[in-house]
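Working notes, beginning with the structure itself.
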Amino acid sequence: MNDSTHGIRIRAAGLADAPAILDMLDSAVVWMNARGNTEQWGTTPYSQQPGGSARVERYLTENTPYIAESDGIPLGALVLDSGPSPQMPIAPAGEPERYVRLLVSDRRHAGRGIGAALLTHAAEETRRAGVKLLRVDCWAGGGGELVAFYERNGFTPTDRFLSGTWPGQVLARRFA
């Protein structure tokens, strides 16, 4: 996919992209913490969290990962799967679905529509597979800004959940 408005190209990702994705995740933790958000992903860089690097490697080998880039520079990452993480208290949809397991953008390139471009790509891939449901879960804490982001990108809130004390929201987008 090419997004000529923002110069963003989306391509399949592989293991060679793990360092860039970990860097994006680490910088997202720093960015959230600088804004006073220590609850969503904690305060430890993602790459230093127990299992963090291994989780990214699993995303790249067991799921369907994508990288958004511009001029060869990774700007964001998306990982699609066929359902929610078994570690989350989220029921499968009971029908074929695609599930956004990871969406992250490099905060140095914020405001370029990277997340929206990746979600558009997820919608295109879902339709291309003949699947009518795309879901995602996200942190529902703070002022609900992340939930609102997904709503602006065509998703509708469905179920709320708690993972320990972490408040989450499942959102869905249906296709004809």
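A quick note: this is a predicted structure, and the numbers were derived from the prediction, not measured. Heavy atoms only: backbone and side chains are in, while hydrogens, waters and symmetry mates are out. Numbers here are sequence positions counted from 1.
Summarising the geometry of Val100 relative to Leu80, their closest heavy-atom pair is CG2-CD2, 3.9 Å, with the distance given to 0.1 Å. Heavy-atom minimum distance, Pro157 versus Val147: CG-CG1, 4.3 Å. The nearest pair of heavy atoms linking Pro74 to Asp106 is O-OD2, 4.2 Å. Closest non-hydrogen pair, Leu162 versus Pro167, comes out as CD2-CA, 3.7 Å. Smallest separation of non-hydrogen atoms from Ile114 and Gly76: CG2-CA, 3.9 Å. The shortest heavy-atom contact between Pro96 and Leu133 is O-CB, 4.0 Å.
Under the rule for a side-chain hydrogen bond (donor to acceptor under 3.5 Å, both in side chains), Tyr150 has no partner lying at least two apart in sequence or in another chain. Qualifying side-chain hydrogen bond (donor to acceptor under 3.5 Å, both in side chains) partners for Asn33, counting only residues two or more places apart in sequence or in other chains: none. Contacts of Ser82 classified as side-chain hydrogen bond (donor to acceptor under 3.5 Å, both in side chains), with partners at least two apart in sequence or in another chain: none.
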Checklist entry - Step by step, would you call Arg98 with Asp81 a side chain to side chain contact (heavy atoms under 4.5 Å, CB included)? => result CA-CA 6 Å; Arg98 291 296 178 267; Asp81 198 359; over 6 Å; no

Checklist entry - Checking salt bridge (Lys or Arg N to Asp or Glu O under 4.0 Å) for the pair Glu69/Arg11: CA distance, chi angles, key distance, verdict? => result CA-CA 8 Å; Glu69 61 183 15; Arg11 63 169 174 81; 2.9 Å; yes

Checklist entry - Where do Glu124 and Arg127 land on the salt bridge (Lys or Arg N to Asp or Glu O under 4.0 Å) test, with the steps shown first? => result CA-CA 5 Å; Glu124 290 168 358; Arg127 282 191 204 104; 5.9 Å; no

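Of the inter-residue distances, the one linking Asp137 atom CG with Ser163 atom OG reads 9.0 Å to the nearest 0.5 angstrom. The line from CH2 of Trp139 to CD of Glu145 is 8.0 Å long, rounded to the nearest 0.5 Å. Once rounded to the nearest 0.5 Å, the distance linking CZ of Arg173 with CG of Asn153 reads 8.0 Å. For the atom pair CG (Asp17) and CD (Glu57), the distance works out to 12.0 Å, reported to the nearest 0.5 Å. With values rounded to the nearest 0.5 angstrom, Leu78 atom CG is found 7.0 Å from Leu119 atom CG. A distance of 8.5 Å separates CZ in Arg108 from CE in Met24, rounded to the nearest 0.5 Å.
At least one donor-acceptor pair closer than 3.5 Å links the side chain of Gln49 to the backbone N or O of Thr44. Without hydrogens or angle criteria, Gln169 side chain to Asp159 main chain gives a donor-acceptor distance under 3.5 Å. Between the side chain of Ser85 and the backbone N or O of Gln87, at least one donor-acceptor pair lies under 3.5 Å. A side-chain donor-acceptor contact under 3.5 Å links Asp26 to the backbone of Ser47.
The closest side-chain heavy-atom distance from Tyr46 to Val104 is not below 4.5 Å. Thr64 places none of its side-chain heavy atoms less than 4.5 Å from the side chain of Tyr59. Side-chain contact between Tyr99 and Ile90 is present, with heavy atoms from C-beta onward closer than 4.5 Å. For the pair Tyr66 and Val79, the minimum side-chain heavy-atom distance is 4.5 Å or more. Under the 4.5 Å side-chain criterion, counting only non-hydrogen atoms from C-beta, Asn63 is not in contact with Leu102. Looking at heavy atoms from C-beta onward, Pro84 lies in side-chain contact with Glu97 at the 4.5 angstrom threshold. Side-chain contact between Trp166 and Phe161 is present, with at least one heavy-atom pair separated by less than 4.5 Å. Two residues are said to be in side-chain contact when any heavy atoms from C-beta on lie closer than 4.5 Å; Ser70 and Arg9 fail this criterion.
Connection of Leu15 to Leu25 is established within a shared hydrophobic cluster, with ILVMFWY side chains joined at heavy-atom distances below 4.5 Å, either directly or through further cluster members. Val30 and Val56 are not part of a single hydrophobic cluster, where members link through side-chain heavy atoms under 4.5 Å apart. Criterion: ILVMFWY side-chain heavy atoms under 4.5 Å apart, direct or through other members. Under it, Leu146 and Trp31 are not part of a common hydrophobic cluster. Under a hydrophobic clustering in which Ile, Leu, Val, Met, Phe, Trp and Tyr are joined whenever their side-chain heavy atoms come within less than 4.5 Å, directly or via other members, Val131 and Leu134 fall into different clusters. With hydrophobic clusters built from ILVMFWY side chains whose heavy atoms lie under 4.5 angstrom apart, Phe149 shares a cluster with Val170.
Ion pairing between a basic and an acidic side chain is recognised when a charged N comes within 4.0 Å of a carboxylate O; Glu95 and Arg174 show such pairing.
None of Ile67, Leu75, Leu103 except one satisfies the side chain to side chain contact (heavy atoms under 4.5 Å, CB included) rule with Leu118; the exception is Leu103. Checking each of Arg35, Glu39, Gln40 against Asn37 for a side chain to side chain donor-acceptor pair (under 3.5 Å) leaves exactly one that passes, namely Gln40.
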